[in-house]
Amino acid sequence: MSTQIELNREEEFPTLYLIDGSAYIYRAYHAVRGLSNSTGLATNATFGFTRMLIKLMQDRAPGYVAMFFDAKGPTFRHERYASYKANRPPMPEDLVEQLPWIRKVTEAFNIPVFEQAGFEADDLIGSLARRAEKNGFRVVMVTGDKDFMQLVTDRCTIWDPMKDKRIDPAAIREDFDLEATQMIDVMGLSGDTADNIPGVPGIGQKTAVRLIQTFGSMDGVYAGIESITAKKQKEKLLQFKDQAMLSRELVTIDRNAPVDFDPDHLKRKKPDDEALTRLFAELEFRQLQKTYASQGESVARRYAAIMDKAALDELVARLERADRFALDTETTSQDPMQARLVGLSFSLVPAQAWYIPTGHNYLGAPEQLSLDVVLDRLRPVLADPAIEKIGQNIKYDWMVLRRHGVELAGVDFDTMVASYLIDPGKRAHGLDQIALDYLGHKNISFAEVAGKGKAAVTFDQVTIDKAIPYACEDADITLAAHDVFVPLLEARGLTDLMKRVEMPLLPVLLGMEMTGVCVDRDRLHDLSKSFAGQLNTLERQIYDMAGETFNVNSSQQLGHILFEKLNLPVQKKTKKKTGYSTDVEVLTKLARSHELPALVLRHRTLAKLKSTYADALLDMIHAETGRIHTSFNQTVAATGRLSSSDPNLQNIPIRTEEGREIRKAFVPREGWTFLSADYSQIELRILAHCSEDSILIQAFKDDEDIHTRTATEVFQVFPQMINDDLRRQAKAINFGIIYGMSAYGLARELEISNKMAQTYIDHYFARYQGVKSFIENTIEAARDTRRTSTLLGRLRQLPDIASTNRNVRQFAERTAINTPIQGTAADLIKLAMINVDRALRQKRMQTTMLLSVHDEMIFEVPPDEMDDAKALVREEMEHVWELAVPLKVNVACGQNWAEAH
DNA sequence: GCGAGGCA
DNA sequence: TGCCTCGC
């Protein structure tokens with residue numbers, strides 16, 4: 001209803017809003033402090049400005065609107081008065097860099113911009129206001145600047161959106177008992193310190209107002225000067241008469257600047273929502289994105305279900321004609337190796353999507369197209385490499401489809417991977433998060449359609465009515481996210497990494513997951529039993545010593561026994577001081593004075609091995625394939641590395657004998673052999689390459705033992721003097737450097753004094769000067785750009801690198817060093833995986849890549865291929881990238897994972 | 001030094 | 001949710 005009233009008023013009096021952009025930039029800059037995006041770009045003024053603009057457009061819904069900026073360079077006022085605005089400091093750097101963004105925001109709102117050399121925004125506003133008034137328009141000058149009061153008439157008012165205050169002639173009369181035009185004379189007398197306009201010294205605004213009230217104008221003041229009794233005031237007025245006249249001239253807004261008044265041009269246009277969304281994403285205005293989008297959620301989304309053959313034919317015809325489309329599957333399980341298809345959704349154009357239900361089987365479900373019919377009909381278009389497929393975590397859909405006998409081709413873009421590349425530090429890259437952050441859109445939650453907790457049902461039990469908007473939205477939003485991500489990746493130089501590494505890697509990971517790996521069921525059973533027996537014995541001993549039974553795995557209960565019952569010395573509290581710490585370090589120390597802690601340590605190791613590996617692995621054997629299908633996650637580790645889960649292969653113990661027992665349970669298929677290939681010292685080699693450190697480079701070129709070499713450098717002894725302990729210490733130093741460890745950390749690791757640790761580090765840097773400057777340069781570069789990057793341009797945002805909090809900053813600095821090294825290793829391993837996979841295919845070999853763990857790849861090799869496979873893998877891995885040092889790969893084979901390592 | 005997943 | 005242990 002309010003819209004109706006607004007429209008009527010608009011029709012009667014077309015109203016033109018003239019926005020004093022320049023003034024707002026400054027006001028926003030000072031009103032919003034300390035805002036920047038993850039690239040380090042200051043965004044405070046842009047944010048304040050944008051918020052003001054949204055508020056204006058939404059609250060006022062102006063029929064006509066224009067934006068005004070000051071042009072660079074001097075104006076006629078500078079010519080008249082050299083000191084004009086001379087006291088203004090130059091615009092701060094972090095404001096200057098925001099100007100282009102403010103301009104882009106204005107353009108995205110489709111608001112015409114006025115800016116002209118030689119004129120200030122004020123003059124352009126005054127001139128356009130005059131023309132508009134003449135043409136029967138009402139004018140609202142959007143500003144907080146009191147200079148504009150001189151222009152105020154019944155049909156031309158000021159509105160200050162920050163104070164939400166309207167100034168019309170009546171308001172001026174009330175505040176000053178003056179007419180608007182008299183304000184020029186007031187300001188002529190009082191001057192304006194902000195603009196360095198002098199006025200008459202000693203006469204402030206209050207006095208000036210009183211004088212003009214009395215005499216009507218400045219000319220009136222001088223005509224009646226003799227009647228002024230205050231002697232000092234009279235003297236000053238006379239002495240500075242010329243200055244007062246000049247000041248009046250300077251504060252007078254020029255109303256004859258050459259501006260075009262073209263109502264068509266000024267008529268408010270619909271904002272370019274797509275451009276705004278993209279800008280908000282880049283500026284990281286998540287909150288604004290949300291408010292803006294929730295108001296502007298006017299987009300009519302057209303979602304429909306495909307229930308019959310004719311509709312399916314029509315959709316397939318559309319898909320065939322498309323260059324690209326987004327697809328999503330609805331299934332019965334999160335696990336792609338278990339999931340059954342319930343339906344498929346597609347989106348080809350923004351805000352439009354279709355859902356094809358095939359497997360909803362709740363009571364009373366309508367008849368649906370059969371899955372076979374649907375897949376047969378879709379198969380050609382899904383397998384057409386010329387049509388680009390876009391998905392969110394498309395590895396999942398691809399696996400499900402493959403398990404249902406349909407192959408995808410032309411898989412071009414994964415929005416989850418894109419989100420990860422843009423900001424790998426984010427916790428979540430799910431579609432809901434992406435929609436919120438980049439599209440300002442709140443997705444329908446899974447819980448809304450399927451229920452949550454115990455009441456949750458599988459998707460086949462969800463009614464089709466509920467499924468349609470949910471499933472369609474996923475495809476629709478995926479397509480929209482793609483359109484936002486493509487320019488964002490491009491802007492950050494991530495397109496190549498996406499196209500050449502992450503997307504090609506996706507099918508390689510998918511292949512490994514689907515192939516799975518064989519485990520020796522009997523061995524695992526035996527292990528589990530043996531662990532159980534040992535745990536039992538340990539528990540009995542522990543309870544005996546404790547004098548009571550308790551859950552040894554509960555650190556809380558253990559803390560109670562150790563520190564309250566047995567009164568052992570408390571070493572440290574847990575992080576949030578909720579209890580006693582019982583970690584390895586504490587228990588190891590306590591073990592010196594009491595037998596119990598040692599038993600607990602042993603218990604812990606065995607319990608972890610039993611529950612997390614032996615038993616869990618048995619549980620994870622797939623019913624149909626009889627193998628274990630690990631998930632490789634491409635979007636979790638912030639450094640760029642892969643992670644694995646269910647089971648997590650990254651933390652299977654390797655140092656202890658029991659840990660190796662678990663590895664022995666991973667076996668090749670009957671008659672085949674495992675081949676393991678791992679990069680030797682890849683991180684230190686990358687450090688050598690990045691730092692160009694001559695000693696480090698030479699050491700690797702000569703294929704020296706790098707830890708021994710570091711020992712000779714740091715401890716200043718001959719190589720033949722290096723014993724195991726010195727080498728161990730040097731190794732800790734080498735890793736400490738990579739991880740950005742402090743002297744304190746190294747001291748703890750080596751159990752030496754802080755001072756000694758610092759001496760080691762000093763010696764290290766004295767010898768490896770290239771490394772020293774590399775670290776310094778990397779931190780400095782990170783401080784400039786607020787990010788750090790790898791060899792292939794993978795980025796990690798470091799918003800905290802310039803934090804004033806020392807701890808926070810130092811953490812970011814360590815990350816700045818560690819990420820390029822670990823991340824480059826990740827880049828190279830990913831590239832090597834792609835190349836090895838491709839080479840194996842080209843040679844039509846049966847050798848299959850099964851696992852990728854850290855710097856190691858594991859293959860299953862048929863008997864006659866071993867020599868070829870070894871050579872191929874080594875060749876591809878060692879020559880994946882030309883570095884300043886050779887890459888070395890250790891290759892070994894065996895009848896289980898432990899043996900092949 | 002941190003991050004990863006898994007368990008109480 | 002926090003703690004723990006493993007890996008790099």
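Keep in mind that what you see is a predicted model, and the values were worked out from it rather than measured. Every chain is numbered from 1 and lettered A, B, ... according to where its sequence line falls, protein lines coming before strand lines.
Taking only side-chain atoms of A/R641, from C-beta outward, the nucleotide of B/dG6, C/dC8, B/dG5 with the closest atom is C/dC8. Here B/dG1 is the nucleotide among B/dA4, C/dC4, B/dG1 with the atom lying nearest to any side-chain atom of A/Y739. Listed candidates were B/dG1, B/dG6, C/dT5. Nearest to the side chain of A/R604 is C/dT5. Of all nucleotides listed (B/dC2, B/dG5, B/dA4), B/dC2 comes nearest to the side chain of A/F811.
Distance, A/E661 CD to C/dC6 P: 16 Å, rounded to whole Å. The separation between A/Q634 atom CD and B/dG3 atom P is 20 Å, rounded to whole Å. At whole-Å resolution of the value, CD in A/Q681 and C1' in C/dC8 are 12 Å apart. Computed from coordinates, the A/L606 CG to B/dC7 C1' distance equals 16 Å when rounded to whole Å. If you measure from atom NE2 of A/H854 to atom P of B/dG5, you get 12 Å, rounded to the nearest angstrom. In this structure, the CG atom of A/L746 is 16 Å from the C1' atom of B/dC2, given to the nearest Å. Taking atom CG on A/L609 and atom P on C/dG7, their separation rounds to 10 Å, with Å as the unit. The nearest whole Å value for the distance from the CD1 atom in A/I738 to the C1' atom in B/dC2 is 13 Å.
Under the side chain to side chain contact (heavy atoms under 4.5 Å, CB included) rule, A/E813 has a single partner from A/N818, A/I779, A/T788, which is A/I779.
Looking only at distances, a side-chain donor or acceptor of A/Y679 sits under 3.5 Å from a matching main-chain atom of A/M877.
For an aromatic pair to be called close, the ring centres must be under 6.0 Å apart, and A/H707 with A/F735 satisfies this.
Within 4.0 Å of A/T815, counting heavy atoms only, lies no atom of the nucleic acid at all. Within 4.0 Å of A/E683, counting heavy atoms only, lie sugar-phosphate atoms of the nucleic acid but no base atom. Here A/F735 lies out of heavy-atom contact (under 4.0 Å) with every strand. Residue A/V636 is classed as a sugar-phosphate contact, given heavy-atom separations below 4.0 Å to backbone atoms only. Here A/D646 lies in heavy-atom contact (under 4.0 Å) with sugar-phosphate atoms only. Using a 4.0 Å heavy-atom cutoff across all strands shown, A/Q650 reaches sugar-phosphate atoms only and no base atom. Counting non-hydrogen atoms under 4.0 angstrom, A/S611 reaches the backbone sugars and phosphates but no base.
Toward the 5' end of DNA chain B, the nearer of the two residues A/Y744 and A/S643, judged by each one's closest nucleotide, is A/Y744.
By the neighbour-count criterion of 12 heavy atoms within 6.0 Å, atom CG of A/D724 is sparsely surrounded, having that number or fewer from other residues, nucleotides or ligands.
Between A/D615 and A/F531, the closest side-chain pair of non-hydrogen atoms is not below 4.5 Å.
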